[in-house]
Amino acid sequence: MAKYIMALDAGTTSNRCILFNAQGEMCSMAQKEFTQYFPQPGWVEQDAMEIWSSQLEVAQQAMANVGANASDIAAIGITNQRETTIVWDKATGHPIHPAIVWQCRRTSDYCDQLKEKGLTDSFRAKTGLVIDAYFSATKLRWLLEHVPGARQRAQRGELLFGTVETWLIWKLTGGAVHVTDYSNASRTMLFNIHTLQWDEEILAELDIPRCMLPEPKPSSCIYGHALPQFFGGPIPISGTAGDQQAALFGHACFAPGEAKNTYGTGCFLLMNTGETPVTSQHGLVTTIAWGLDGKVEYALEGSIFVAGAAIQWLRDELQFIGSAAESEYLAQKVPDTHGCYVVPAFTGLGAPHWDQYARGTIVGLTRGCNRCHIVRATLDSLCYQVNDVLTAMEADSGIQPAALKVDGGASANDYIMQTQADLSAIPVERPSCVESTAMGAAYLAGLAVGFWKNKEELARSRTGSQMFTPRLEETARIKRIKGWNKAVRCAYDWARED
Ligand code: ADP
């Protein structure tokens with residue numbers, strides 16, 4: 001009997017591998033960072049060969065840590081940084097260019113052209129997304145335009161496109177399998193999330209040859225087998241989802257209205273909306289959560305650019321704290337923020353405000369404000385921003401989540417968790433295993449091979465969460481949110497040329 005599911009977590013800055021046992025416990029972990037390249041301001045690249053080699057290395061290391069061989073691994077699940085775009089030669093397996101990372105802004109101008117052509121509504125209706133350089137479509141077009149001969153070679157069927165999970169599956173299967181899953185496909189801006197097909201009109205608009213795209217598949221099914229040369233025997237690869245969707249699954253947010261937020265450098269809030277794709281009127285995107293059990297489920301997603309990064313700013317630029325964890329202690333040395341608000345709009349504001357000209361601000365300062373008040377107001381700013389997205393989600397979907405499940409580095413901060421519960425009037429649930437992303441990939445892979453029976457069994461196996469219950473009186477809550485809204489208005493539009 002196989003003992004483990006292997007989860008490959010191909011992140012933006014590092015690759016990890018975690019082995020989970022049948023109880024969902026972490027039994028082994030290995031991690032390796034890889035190089036980031038910044039060839040021009042706003043451009044971000046990675047070496048796809050390094051992504052592959054470091055991912056393979058940590059997988060082998062995680063197995064060696066516990067003396068596992070291939071027969072101990074029931075299946076491999078993959079979760080990945082989304083949208084990052086790789087094009088490679090089908091015959092040699094060599095990428096034709098460095099991977100263009102999701103953060104890369106090189107196609108912003110082209111996105112503006114698409115918007116000026118009036119394509120915003122049709123793209124949104126088909127893909128669920130707003131036209132933005134963030135998604136893969138325009139990155140892929142850029143590669144076809146800028147790498148000499150690429151479009152002709154792609155048309156001749158010599159080149160393949162993939163996001164990171166597609167690339168890893170192709171490599172693990174020795175080039176035999178070229179697939180993606182619906183959750184990752186829904187982040188390319190080339191995929192029709194209603195018909196579950198690559199969209200011919202968008203492909204024509206961007207001049208992308210259909211033959212280079214992977215086959216879209218459910219998120220939990222056997223795609224193929226890793227070659228024996230990698231792990232000493234073949235292992236089925238049977239689950240994949242983009243990192244945020246995998247985290248939603250790892251939190252067992254299986255029912256409509258269940259939501260999770262990841263408090264990392266930025267924040268990613270996703271709410272399951274079931275089999276109905278909800279089109280946002282409030283600046284959120286619609287995404288495929290996963291394809292499972294013969295159906296597809298959708299999520300509303302809102303991203304916040306600066307969250308944990310604001311705590312790094314307190315530490316590195318202001319030097320108000322020695323470590324991120326110290327912020328919790330200082331914030332609680334004072335009973336409130338003394339009327340001040342920090343709006344950390346350092347790179348503009350994301351969902352639901354979408355103001356790329358907004359900039360950071362501190363308002364409401366009086367003579368009595370000290371370091372602790374500003375630290376506290378900065379921690380509060382994470383909660384206010386998350387609350388704005390939650391409010392938008394409720395308005396779009398008509399559903400008020402019963403609880404908010406959390407993970408990510410800043411979710412370790414009890415002050416932030418309690419403040420979130422208070423400001424959003426929602427219980428906040430922090431699981432004991434915060435590796436929800438890898439857990440989600442493991443769950444998807446394990447379900448496909450019968451390692452776990454069904455979602456109900458997974459939901460039951462989750463124990464030991466810590467709950468933060470709302471304690472703030474409603475009038476005080478409304479007053480604080482009103483103050484925040486006023487502060488955000490001060491941040492709007494600051495960097496626009498007059
Ligand atoms: P990412 O995956 O985006 O790199 P992580 O989930 O690793 O992010 O979280 C890192 C972020 O969490 C950092 O921005 C850091 O400032 C913040 N962070 C870590 N620990 C704490 C803490 N105890 N309190 C507040 N913020 C924290």
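Atoms within each ligand, like the ligands themselves, are counted from 1 in listed order.
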Min over Gly264, Gly11, Ala325 of heavy-atom distance to atom 23 (N) of ligand 1 lands on Ala325
Taking atom types as modelled, find out whether Gln55 and Lys32 have a side-chain donor-acceptor pair closer than 3.5 angstrom.
no
Anything under 30° is parallel, anything over 60° is perpendicular, the rest tilted; go ahead and classify Phe346 against Trp313.
tilted
Enumerate the atoms of ligand 1 whose separation from the nearest heavy atom of Asn413 is less than 4.0 angstrom.
24 (N), 25 (C)
Should you measure from each heavy atom of Gly408, which atoms of ligand 1 turn up under 4.0 Å away?
6 (O)
For atom 12 (O) of ligand 1, the closest protein heavy atom turns out to be Ala410 N, 3.4 Å
Hey, is Ala309 touching ligand 1 through its side chain, its backbone, both or neither, going by heavy atoms under 4.0 Å?
backbone
What I want to know is whether Gly308 and ligand 1 share at least one N or O pair that is separated by under 3.5 angstrom.
yes
If you round to the nearest 0.5 Å, how far is CZ of Arg141 from OG1 of Thr85?
14.0 Å
Per-atom contact, atom 9 (O) of ligand 1, protein heavy atoms, under 4.0 angstrom:
yes
Regarding Thr163 and Glu83, is there a side-chain donor-to-acceptor distance under 3.5 Å anywhere?
no
Looking at Thr265, which atoms of ligand 1 are within less than 4.0 Å of one of its heavy atoms?
1 (P), 3 (O), 4 (O), 8 (O)
Mind telling me whether Phe249 and Phe254 have parallel, tilted or perpendicular rings, with 30° and 60° as the class edges?
tilted
Looking only at protein heavy atoms, which one is nearest to atom 13 (C) of ligand 1, and how far off is it?
Gln312 NE2, 3.8 Å
Tell me the protein heavy atom at minimum distance from atom 6 (O) of ligand 1, and give that distance in Å.
Gly409 N, 2.8 Å
Does the side chain of Tyr134 pick up a donor-acceptor pair with the side chain of Gln103 at under 3.5 Å?
no
If you count every heavy atom of other residues, nucleotides or ligands that lies below 6.0 Å from Tyr329 atom OH, does the total exceed 12?
no
Mark the output for Glu328 as yes if a heavy-atom distance to ligand 1 is under 4.0 Å, and as no if none is.
no
Smallest separation among heavy atoms of Pro335 and Arg376, with atom names
O-NH2, 3.1 Å
